[in-house]
There are 2 protein chains.
Amino acid sequence: MRLVVARCQVDYAGRLTAHLPMATRVLMLKSDGSVLVHSDGGSYKPLNWMSPPCTVREGTTDDGQVEWTVTAKAPKGQTPDTLRILVEEILHDSEHDLGIDPGLQKDGVEKHLQELLAEHPATLSAGLTLVRREFPTAIGPVDLMCRDEAGLSVAVEIKRRGEIDGVEQLTRYLELLNRDPLLTTKGAVRGIFAAQEIKPQARVLAEDRGITCAVVDYDALRGLDNAEDRLF
Amino acid sequence: MRLVVARCQVDYAGRLTAHLPMATRVLMLKSDGSVLVHSDGGSYKPLNWMSPPCTVREGTTDDGQVEWTVTAKAPKGQTPDTLRILVEEILHDSEHDLGIDPGLQKDGVEKHLQELLAEHPATLSAGLTLVRREFPTAIGPVDLMCRDEAGLSVAVEIKRRGEIDGVEQLTRYLELLNRDPLLTTKGAVRGIFAAQEIKPQARVLAEDRGITCAVVDYDALRGLDNAEDRLF
DNA sequence: AAGTGGATCTCGTTT
DNA sequence: AAACGAGGTCCACTT
């Protein structure tokens, strides 16, 4: 990774043509050949860039100015995109060995949602209390096992996006759970399908099978949680 | 703009939660408070980031480690997104004054002409039909690629003011396009140089090279377009 | 200000 | 490998 701060002008030709007038900018040259041109503002998107795979060629113009030409690997039969950086003055230039990056862990919302709903099961249905998280069955753990005011067992399946396969999953769980005499003493196990967003098809299927749909307000739950944290 | 290379760990909580294990990365702290965390690879998208408006607070943990907490301006009633950067070791740290950036030029006026002519290619030459806009070549996209009544390919270069360099540009495109057997089955690719105003020198050069000049009546084209809009 | 559609989209997952 | 959908989308333009 090479970090350069320079007065430069940038021209891009590819799907579109674009031009950056001479000004001071940050150039990030990654070891895979990709180049990012950033200004001091805006969002995470660079003013201009070249995505890998691509190659950087360093040259000089007739005037003796430094010129970087970044050429993308052309898709077969197509023409390569090019990024031309004309450097007027280099204000900073440093090279850094970052090593390989272990990469981003997206602790999906699903897991966080499960934690939050385990803390606040009553938001799903009034009077609901948690029995345990990750309640084991022969075909995998049920996200939340709860009990309602009437003492009935309630199995909760949590998804970020509620789609048909999630309903199928919960249905299979309910099938198994309803064979367990310990869970059905007061009556059949109820199912709640909880998600931030429930697709229409999934909702129809769920309701057809007597499964309750619960649209979860993630932000509200987080707020609820934070409010409690502040109390203690 | 502050550029930092550091061994750090990053945690994001917002629409989703995400975690970056301890590793060496580049941190870009822009003057609007926004922060970008980049690795040495991937595309222009940072591993993690915080978009403006947001604020950075520099603190120290109980262990004495540097910790940056970036907090987004929360939408009303909602909980703010946060980005926590735990810094283990700083390998590079520099501050740069970039000034304001003049911003990206995405060829604008010319673009509208291109749209209008793409809608009405026959105004350039009777019987002309559009094949595609921004037809790609190795040295940049041809504004319009068309076909005439005889089935010949026609490359159209559009300028607001037609000057010599525009003719040179179209000449380069034609040179490349005429090497493509798919475009030249019925004969050589023709060129049309279209502009609101064509300078005499450019006209001479174009005609010398067998390129047709077309003076575009911008107002008439707009009228034509509006008339069609009224019909449908 | 809110909504809409495109993007040099990027980034996953599925087919 | 291509196709499809979602995104902490971003971004410009419209209502």
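These numbers come from the heavy atoms of this one structure, side chains and all, not from hydrogens, waters or symmetry mates. Lettering of chains follows the sequences in order, A, B, ..., and the numbering in each one begins at 1.
At whole-Å resolution of the value, CG in A:D81 and C1' in C:dC9 are 13 Å apart. Rounded to whole Å, atom P of D:dG7 lies 9 Å from atom CD of A:Q196. The separation between A:I164 atom CD1 and D:dG5 atom P is 15 Å, rounded to whole Å. Taking atom CG of residue B:L47 and atom C1' of nucleotide C:dG12, one finds them 16 Å apart after rounding to whole Å.
Results of the side-chain contact (heavy atoms from CB on, under 4.5 Å) test with A:I211 over A:L170, A:I192, A:L205 single out A:L170 as the only residue that passes.
Between A:E119 and A:R133 there is no salt bridge, since no side-chain N of the basic residue sits under 4.0 Å from a carboxylate O of the acidic one. Taking 4.0 Å as the cut-off between side-chain N and carboxylate O, A:E88 and A:R7 count as a salt-bridged pair.
Comparing D:dA6, D:dC10, C:dC11 by their nearest atom to the side chain of B:K45 picks out C:dC11. Checked against D:dC10, D:dA6, C:dT10, the side chain of A:W49 finds its nearest nucleotide in C:dT10. Of the candidates D:dA6, C:dT10, D:dT9, D:dT9 carries the atom nearest the A:Y44 side chain, counting heavy atoms from C-beta on.
Among the protein residues, B:S51 comes within range of the nucleic acid bases, having at least one heavy atom under 4.0 Å from a base atom. Among the atoms of the strands shown, none is found under 4.0 Å from any heavy atom of A:M50.
Comparing A:L104 and B:L104 by the nucleotide of DNA chain C that holds the closest heavy atom to each, the one mapping nearer the 5' end is B:L104.
Other residues, nucleotides and ligands place no more than 12 heavy atoms under 6.0 Å from the CG atom of A:D97.
Between D:dT9 and A:S43, no contact under 4.0 Å exists linking OP1 or OP2 to a side-chain N or O.
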